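Structure first, commentary second.
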Amino acid sequence: MEIQVLSLGDPVLGEEEKGALIAVIESGWLTMGERVRAFENAFAQMHDVADAVAVCSCTAGLHLCLLALGIGEGDEVMVPALTFVATINAIMYVGATPVFVDIENSDTPHMSISDAAAKVSNKTRAVMVMHYGGYLVDLPSWRIFCDEHEFLLVEDAAHAPAVGEVGRWGDASAFSFFTNKNMTTAEGGMVFAKDASVLEWIRRLRAHGMTTGTLERHRGHAYSYDVTMLGYNYRMNELQASMGLVQLTRLRKWNSTRRDLSAHYRELLAQSVPLIKIPFSVSHDTAAHLMPILLPEGYSRQAVMDGLREAGIQSSIHYPPAHFFSFYMQKFPGISLPNTEDFCSRELTLPLHPGLDMQDVVRVVDGLARVLGKMSSE
Ligand SMILES: *Cc1c(COP(=O)(O)O)cnc(C)c1O
(Lines give C-alpha, C1' and ligand atoms only; values in the text may rest on other atoms or scores of the structure.)
Protein backbone atom coordinates (compact mmCIF):
# COMPACT_ATOMS: atom_id res chain seq x y z
CA MET A 1 0.00 0.00 0.00
CA GLU A 2 1.31 3.40 -0.85
CA ILE A 3 1.21 5.88 1.97
CA GLN A 4 0.80 9.55 1.35
CA VAL A 5 3.94 11.39 2.44
CA LEU A 6 3.38 14.26 4.85
CA SER A 7 5.79 16.93 3.71
CA LEU A 8 7.52 19.40 5.93
CA GLY A 9 6.21 22.50 4.22
CA ASP A 10 4.45 22.91 0.89
CA PRO A 11 3.47 26.12 -0.87
CA VAL A 12 -0.25 26.55 -1.59
CA LEU A 13 -0.60 27.33 -5.30
CA GLY A 14 -3.66 27.32 -7.51
CA GLU A 15 -5.70 28.78 -10.32
CA GLU A 16 -5.37 32.36 -9.09
CA GLU A 17 -1.57 32.19 -9.20
CA LYS A 18 -1.74 30.64 -12.69
CA GLY A 19 -4.08 33.38 -13.87
CA ALA A 20 -1.86 36.09 -12.42
CA LEU A 21 1.22 34.68 -14.17
CA ILE A 22 -0.58 34.39 -17.50
CA ALA A 23 -1.74 37.99 -17.21
CA VAL A 24 1.86 39.14 -16.79
CA ILE A 25 2.95 37.22 -19.88
CA GLU A 26 0.06 38.62 -21.89
CA SER A 27 0.94 42.15 -20.76
CA GLY A 28 4.40 41.84 -22.31
CA TRP A 29 6.05 43.73 -19.41
CA LEU A 30 8.07 41.30 -17.31
CA THR A 31 10.00 43.14 -14.65
CA MET A 32 9.94 46.12 -12.29
CA GLY A 33 6.60 47.45 -13.36
CA GLU A 34 3.23 48.24 -11.84
CA ARG A 35 2.82 44.86 -10.18
CA VAL A 36 6.06 45.16 -8.26
CA ARG A 37 4.99 48.60 -7.02
CA ALA A 38 1.50 47.35 -6.16
CA PHE A 39 2.97 44.41 -4.24
CA GLU A 40 5.26 46.76 -2.29
CA ASN A 41 2.30 48.95 -1.40
CA ALA A 42 0.05 46.05 -0.39
CA PHE A 43 2.74 44.40 1.73
CA ALA A 44 3.58 47.71 3.44
CA GLN A 45 -0.08 48.38 4.12
CA MET A 46 -0.62 44.94 5.65
CA HIS A 47 2.23 45.65 8.06
CA ASP A 48 1.16 49.20 8.81
CA VAL A 49 4.35 50.79 7.47
CA ALA A 50 4.53 53.65 4.98
CA ASP A 51 6.48 51.96 2.20
CA ALA A 52 8.54 48.92 1.22
CA VAL A 53 11.06 47.81 -1.41
CA ALA A 54 10.70 44.45 -3.16
CA VAL A 55 13.91 42.55 -3.89
CA CYS A 56 14.95 39.22 -5.41
CA SER A 57 15.45 37.49 -2.03
CA CYS A 58 15.54 38.08 1.70
CA THR A 59 19.30 37.51 1.59
CA ALA A 60 19.66 40.39 -0.87
CA GLY A 61 17.30 42.43 1.31
CA LEU A 62 19.40 41.89 4.45
CA HIS A 63 22.52 42.84 2.49
CA LEU A 64 20.91 46.11 1.38
CA CYS A 65 19.60 46.87 4.90
CA LEU A 66 23.14 46.71 6.32
CA LEU A 67 24.65 48.66 3.41
CA ALA A 68 22.07 51.43 3.61
CA LEU A 69 22.49 51.66 7.38
CA GLY A 70 26.20 52.27 6.81
CA ILE A 71 27.50 49.09 8.41
CA GLY A 72 30.80 47.86 7.01
CA GLU A 73 34.45 47.06 7.52
CA GLY A 74 35.54 47.12 11.15
CA ASP A 75 32.00 46.94 12.54
CA GLU A 76 30.60 44.11 14.64
CA VAL A 77 27.01 42.90 14.34
CA MET A 78 25.41 40.64 16.97
CA VAL A 79 23.60 37.67 15.48
CA PRO A 80 22.21 34.34 16.69
CA ALA A 81 23.98 31.14 15.57
CA LEU A 82 20.53 29.51 15.61
CA THR A 83 19.51 30.82 12.20
CA PHE A 84 19.80 30.15 8.50
CA VAL A 85 23.25 31.12 7.25
CA ALA A 86 21.85 33.95 5.09
CA THR A 87 21.45 36.07 8.24
CA ILE A 88 25.17 35.76 8.96
CA ASN A 89 26.32 36.02 5.36
CA ALA A 90 24.62 39.40 4.91
CA ILE A 91 26.87 40.73 7.69
CA MET A 92 29.93 39.32 5.98
CA TYR A 93 28.94 40.70 2.54
CA VAL A 94 29.39 44.26 3.88
CA GLY A 95 32.74 43.37 5.43
CA ALA A 96 31.48 43.50 9.03
CA THR A 97 32.12 40.80 11.63
CA PRO A 98 29.29 38.64 12.97
CA VAL A 99 29.40 38.17 16.74
CA PHE A 100 27.53 34.98 17.61
CA VAL A 101 25.19 35.29 20.58
CA ASP A 102 23.68 32.37 22.50
CA ILE A 103 19.95 31.73 22.82
CA GLU A 104 18.12 32.44 26.07
CA ASN A 105 17.22 28.82 26.83
CA SER A 106 15.57 25.82 25.19
CA ASP A 107 12.06 27.14 25.86
CA THR A 108 12.82 30.56 24.36
CA PRO A 109 15.40 29.83 21.65
CA HIS A 110 15.74 33.51 20.74
CA MET A 111 18.97 35.47 20.95
CA SER A 112 19.70 36.28 24.58
CA ILE A 113 19.88 39.96 25.55
CA SER A 114 22.09 39.18 28.53
CA ASP A 115 24.59 37.25 26.39
CA ALA A 116 24.47 40.11 23.86
CA ALA A 117 25.18 42.61 26.66
CA ALA A 118 28.20 40.54 27.69
CA LYS A 119 29.53 40.65 24.12
CA VAL A 120 29.30 44.41 23.52
CA SER A 121 32.59 45.88 22.34
CA ASN A 122 33.66 49.28 21.10
CA LYS A 123 33.16 47.94 17.56
CA THR A 124 29.54 46.84 17.99
CA ARG A 125 27.28 48.76 15.61
CA ALA A 126 24.14 46.68 15.22
CA VAL A 127 22.02 43.76 16.36
CA MET A 128 20.38 41.40 13.87
CA VAL A 129 17.46 39.55 15.47
CA MET A 130 15.71 36.59 13.85
CA HIS A 131 12.10 35.63 14.61
CA TYR A 132 12.84 31.92 14.93
CA GLY A 133 10.02 29.68 13.70
CA GLY A 134 7.77 32.71 13.26
CA TYR A 135 7.75 33.49 17.02
CA LEU A 136 8.50 37.18 17.46
CA VAL A 137 11.50 38.10 19.56
CA ASP A 138 10.87 40.59 22.35
CA LEU A 139 11.11 43.61 20.03
CA PRO A 140 10.46 46.33 22.66
CA SER A 141 13.29 44.99 24.84
CA TRP A 142 15.70 44.79 21.92
CA ARG A 143 14.76 48.34 20.93
CA ILE A 144 15.57 49.57 24.44
CA PHE A 145 18.85 47.62 24.44
CA CYS A 146 19.84 49.08 21.06
CA ASP A 147 18.81 52.64 21.96
CA GLU A 148 20.77 52.50 25.23
CA HIS A 149 23.90 51.45 23.37
CA GLU A 150 23.21 53.46 20.20
CA PHE A 151 23.15 50.28 18.12
CA LEU A 152 21.08 49.80 14.99
CA LEU A 153 18.44 47.06 15.07
CA VAL A 154 17.80 44.87 12.02
CA GLU A 155 15.02 42.26 11.88
CA ASP A 156 15.46 39.10 9.84
CA ALA A 157 11.72 38.56 9.46
CA ALA A 158 11.97 35.67 6.98
CA HIS A 159 9.82 33.46 9.24
CA ALA A 160 7.31 36.00 10.42
CA PRO A 161 5.25 37.94 7.87
CA ALA A 162 1.98 39.55 8.97
CA VAL A 163 2.20 38.98 12.69
CA GLY A 164 2.18 41.43 15.59
CA GLU A 165 4.40 44.44 15.05
CA VAL A 166 6.97 42.61 12.95
CA GLY A 167 9.21 44.90 10.91
CA ARG A 168 8.14 48.00 12.81
CA TRP A 169 10.78 48.04 15.56
CA GLY A 170 13.90 47.49 13.49
CA ASP A 171 15.78 50.30 11.78
CA ALA A 172 15.44 47.97 8.81
CA SER A 173 13.79 44.59 8.27
CA ALA A 174 13.71 41.96 5.55
CA PHE A 175 11.13 39.28 4.67
CA SER A 176 11.45 36.19 2.47
CA PHE A 177 9.13 34.73 -0.16
CA PHE A 178 11.25 31.64 -0.82
CA THR A 179 9.20 28.55 -1.68
CA ASN A 180 9.01 27.09 1.83
CA LYS A 181 8.09 30.33 3.62
CA ASN A 182 4.61 31.36 4.84
CA MET A 183 3.90 32.93 1.46
CA THR A 184 5.91 32.59 -1.72
CA THR A 185 6.88 34.24 -4.98
CA ALA A 186 9.23 31.27 -5.75
CA GLU A 187 12.14 33.54 -4.84
CA GLY A 188 11.74 37.02 -3.47
CA GLY A 189 11.98 39.37 -0.55
CA MET A 190 10.72 42.67 0.88
CA VAL A 191 12.50 45.35 2.87
CA PHE A 192 11.27 47.98 5.34
CA ALA A 193 13.26 50.82 6.83
CA LYS A 194 12.26 53.22 9.61
CA ASP A 195 13.85 56.21 7.94
CA ALA A 196 12.35 57.04 4.52
CA SER A 197 15.74 58.18 3.20
CA VAL A 198 17.29 54.82 4.12
CA LEU A 199 14.47 53.07 2.22
CA GLU A 200 15.07 55.27 -0.84
CA TRP A 201 18.77 54.39 -0.61
CA ILE A 202 17.77 50.69 -0.60
CA ARG A 203 15.49 51.26 -3.60
CA ARG A 204 18.36 52.73 -5.53
CA LEU A 205 20.90 50.07 -4.43
CA ARG A 206 18.47 47.42 -5.71
CA ALA A 207 18.94 48.55 -9.32
CA HIS A 208 22.56 49.56 -9.93
CA GLY A 209 22.29 52.86 -8.08
CA MET A 210 20.40 54.35 -11.02
CA THR A 211 18.36 57.48 -10.40
CA THR A 212 15.37 56.55 -12.58
CA GLY A 213 13.42 53.33 -12.96
CA THR A 214 13.04 51.08 -16.00
CA LEU A 215 9.32 51.75 -16.38
CA GLU A 216 9.76 55.52 -16.10
CA ARG A 217 12.24 55.45 -18.96
CA HIS A 218 10.06 53.11 -21.04
CA ARG A 219 7.09 55.42 -20.61
CA GLY A 220 9.17 58.40 -21.62
CA HIS A 221 8.81 60.10 -18.24
CA ALA A 222 12.58 60.04 -17.95
CA TYR A 223 15.14 60.10 -20.73
CA SER A 224 18.35 59.66 -18.86
CA TYR A 225 19.73 58.67 -15.52
CA ASP A 226 22.71 59.13 -13.29
CA VAL A 227 24.50 56.45 -11.25
CA THR A 228 25.25 57.69 -7.77
CA MET A 229 26.55 54.61 -5.93
CA LEU A 230 27.78 51.05 -6.39
CA GLY A 231 24.46 49.24 -6.76
CA TYR A 232 23.35 45.70 -7.47
CA ASN A 233 20.81 43.85 -9.54
CA TYR A 234 18.54 42.71 -6.73
CA ARG A 235 15.29 43.42 -8.60
CA MET A 236 12.02 41.55 -8.27
CA ASN A 237 10.18 40.72 -11.50
CA GLU A 238 6.51 41.11 -12.43
CA LEU A 239 5.85 37.36 -12.40
CA GLN A 240 7.02 37.17 -8.79
CA ALA A 241 5.05 40.26 -7.80
CA SER A 242 1.87 38.98 -9.47
CA MET A 243 2.09 35.78 -7.43
CA GLY A 244 2.90 37.77 -4.33
CA LEU A 245 -0.23 39.89 -4.75
CA VAL A 246 -2.38 36.75 -4.86
CA GLN A 247 -0.58 35.00 -1.99
CA LEU A 248 -0.75 38.10 0.18
CA THR A 249 -4.54 38.02 0.19
CA ARG A 250 -4.42 34.61 1.89
CA LEU A 251 -1.43 35.12 4.17
CA ARG A 252 -3.38 36.00 7.32
CA LYS A 253 -5.67 33.01 6.91
CA TRP A 254 -2.71 30.69 6.32
CA ASN A 255 -0.91 32.05 9.38
CA SER A 256 -4.01 31.41 11.41
CA THR A 257 -4.28 27.82 10.10
CA ARG A 258 -0.61 27.31 11.01
CA ARG A 259 -1.31 28.58 14.54
CA ASP A 260 -4.29 26.24 14.90
CA LEU A 261 -2.25 23.26 13.71
CA SER A 262 0.57 24.22 16.12
CA ALA A 263 -1.87 24.40 19.02
CA HIS A 264 -3.19 20.98 18.09
CA TYR A 265 0.37 19.60 17.97
CA ARG A 266 1.06 21.04 21.42
CA GLU A 267 -2.05 19.47 22.91
CA LEU A 268 -1.56 16.03 21.35
CA LEU A 269 2.17 15.86 22.03
CA ALA A 270 1.62 16.76 25.69
CA GLN A 271 -0.90 13.89 25.92
CA SER A 272 0.89 11.19 23.90
CA VAL A 273 4.60 11.94 24.22
CA PRO A 274 5.10 14.10 27.32
CA LEU A 275 8.86 13.42 27.18
CA ILE A 276 9.02 15.80 24.24
CA LYS A 277 9.43 19.47 25.04
CA ILE A 278 7.96 22.12 22.78
CA PRO A 279 9.66 25.51 22.71
CA PHE A 280 7.67 28.71 23.28
CA SER A 281 5.43 27.26 26.01
CA VAL A 282 4.57 30.84 26.98
CA SER A 283 2.29 32.42 24.43
CA HIS A 284 4.08 34.56 21.81
CA ASP A 285 2.88 36.44 18.75
CA THR A 286 3.69 33.96 16.01
CA ALA A 287 3.34 33.34 12.29
CA ALA A 288 3.91 29.65 13.16
CA HIS A 289 6.41 29.13 10.36
CA LEU A 290 7.96 26.04 11.96
CA MET A 291 6.84 23.31 14.37
CA PRO A 292 10.03 22.72 16.39
CA ILE A 293 10.18 20.09 19.15
CA LEU A 294 13.00 18.96 21.43
CA LEU A 295 13.75 15.26 21.76
CA PRO A 296 14.60 13.98 25.20
CA GLU A 297 18.30 13.44 25.87
CA GLY A 298 19.63 10.01 24.97
CA TYR A 299 17.50 9.49 21.85
CA SER A 300 19.22 9.37 18.47
CA ARG A 301 17.68 12.10 16.36
CA GLN A 302 18.78 10.41 13.17
CA ALA A 303 17.00 7.20 14.22
CA VAL A 304 13.82 9.17 15.00
CA MET A 305 14.00 10.89 11.61
CA ASP A 306 14.54 7.53 9.89
CA GLY A 307 11.57 6.03 11.74
CA LEU A 308 9.37 8.96 10.75
CA ARG A 309 10.48 8.71 7.14
CA GLU A 310 9.47 5.05 7.07
CA ALA A 311 6.04 6.14 8.30
CA GLY A 312 5.84 8.65 5.42
CA ILE A 313 6.51 11.69 7.60
CA GLN A 314 9.15 14.22 6.63
CA SER A 315 11.11 15.96 9.35
CA SER A 316 14.03 18.35 9.41
CA ILE A 317 16.43 20.28 11.66
CA HIS A 318 16.29 24.05 12.19
CA TYR A 319 19.17 24.59 12.41
CA PRO A 320 22.59 23.03 12.69
CA PRO A 321 24.48 25.65 14.78
CA ALA A 322 26.03 28.06 12.29
CA HIS A 323 29.30 28.48 14.20
CA PHE A 324 30.01 24.76 13.60
CA PHE A 325 29.84 24.94 9.78
CA SER A 326 33.42 24.67 8.56
CA PHE A 327 33.43 28.05 6.79
CA TYR A 328 32.52 29.98 9.95
CA MET A 329 34.53 27.71 12.24
CA GLN A 330 37.68 28.49 10.24
CA LYS A 331 36.97 32.21 10.30
CA PHE A 332 35.77 32.39 13.91
CA PRO A 333 37.34 29.47 15.78
CA GLY A 334 36.77 28.52 19.38
CA ILE A 335 33.22 29.84 19.80
CA SER A 336 31.12 28.13 22.45
CA LEU A 337 27.37 28.72 22.77
CA PRO A 338 26.18 26.04 25.22
CA ASN A 339 22.44 26.71 25.02
CA THR A 340 22.44 26.91 21.23
CA GLU A 341 24.51 23.74 20.95
CA ASP A 342 22.21 21.79 23.29
CA PHE A 343 19.09 23.04 21.47
CA CYS A 344 20.50 22.29 18.02
CA SER A 345 21.52 18.77 19.03
CA ARG A 346 17.96 17.83 20.08
CA GLU A 347 15.72 19.95 17.84
CA LEU A 348 13.46 18.27 15.31
CA THR A 349 11.05 20.09 13.00
CA LEU A 350 7.70 18.45 12.24
CA PRO A 351 5.50 19.05 9.17
CA LEU A 352 3.61 22.34 9.31
CA HIS A 353 1.87 24.08 6.42
CA PRO A 354 -1.67 25.20 5.62
CA GLY A 355 -2.29 22.13 3.46
CA LEU A 356 -2.35 19.89 6.55
CA ASP A 357 -5.45 19.13 8.57
CA MET A 358 -6.01 18.02 12.15
CA GLN A 359 -5.94 14.34 11.10
CA ASP A 360 -2.47 14.81 9.63
CA VAL A 361 -1.31 16.21 12.98
CA VAL A 362 -2.75 13.11 14.70
CA ARG A 363 -0.85 10.93 12.23
CA VAL A 364 2.47 12.71 12.89
CA VAL A 365 2.06 12.57 16.67
CA ASP A 366 1.04 8.88 16.57
CA GLY A 367 4.02 8.13 14.33
CA LEU A 368 6.37 9.94 16.68
CA ALA A 369 4.94 8.18 19.74
CA ARG A 370 5.40 4.82 18.05
CA VAL A 371 8.98 5.54 16.96
CA LEU A 372 9.99 6.79 20.42
CA GLY A 373 8.18 3.91 22.11
CA LYS A 374 10.05 1.38 19.99
CA MET A 375 13.38 3.04 20.76
CA SER A 376 12.88 3.11 24.53
CA SER A 377 11.93 -0.59 24.59
CA GLU A 378 14.96 -1.64 22.53
C1 LIG B 1 14.85 31.65 4.24
C2 LIG B 1 15.62 32.49 5.17
C3 LIG B 1 16.44 33.54 4.73
C4 LIG B 1 16.76 33.76 3.29
O5 LIG B 1 15.68 33.99 2.51
P6 LIG B 1 15.85 33.99 0.90
O7 LIG B 1 14.64 34.72 0.44
O8 LIG B 1 15.87 32.57 0.48
O9 LIG B 1 17.11 34.70 0.58
C10 LIG B 1 17.03 34.36 5.66
N11 LIG B 1 16.88 34.14 6.98
C12 LIG B 1 16.13 33.12 7.44
C13 LIG B 1 15.98 32.95 8.91
C14 LIG B 1 15.49 32.26 6.56
O15 LIG B 1 14.77 31.23 7.04
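The structure displayed is predicted, hence computed values, not measured ones. These numbers come from the heavy atoms of this one structure, side chains and all, not from hydrogens, waters or symmetry mates. Both counts, for ligands and for their atoms, begin at 1 and track the order of listing.
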Inset, instruction - Mind telling me whether H110 and F280 have parallel, tilted or perpendicular rings, with 30° and 60° as the class edges? - result: tilted
Legend entry - Reported NZ-to-CE distance for the pair K119 and M78, which is rounded to 0.5 angstrom: 8.5 Å
Inset, instruction - Give a yes or no on whether W201 atom CH2 has more than 12 heavy-atom contacts from other residues, nucleotides or ligands under 6.0 Å away. - result: no
Inset, instruction - For T184 and F177, indicate whether the former's side chain and the latter's backbone hold a donor-acceptor pair under 3.5 Å. - result: yes
Could you tell me, for ligand 1, which of its N or O atoms are under 3.5 Å from any protein N or O, listing the pairs and their distances rounded to 0.1 Å?
residue	atom	partner	partner atom	Å
ligand 1	5 (O)	S176	OG	3.2
ligand 1	7 (O)	C58	N	2.9
ligand 1	7 (O)	S176	OG	2.7
ligand 1	9 (O)	C58	N	3.3
ligand 1	9 (O)	T59	N	2.9
ligand 1	9 (O)	T59	OG1	2.5
ligand 1	11 (N)	D156	OD1	3.4
ligand 1	11 (N)	D156	OD2	2.7
ligand 1	15 (O)	H159	NE2	2.8
ligand 1	15 (O)	K181	NZ	3.4
ligand 1	15 (O)	Y319	OH	3.4

Inset, instruction - Keeping the roles fixed (side chain from D226, backbone from T228), state whether a donor-acceptor pair exists under 3.5 Å. - result: no
Legend entry - Side-chain donor-acceptor pair present, Q240, E187, cut-off under 3.5 Å: no
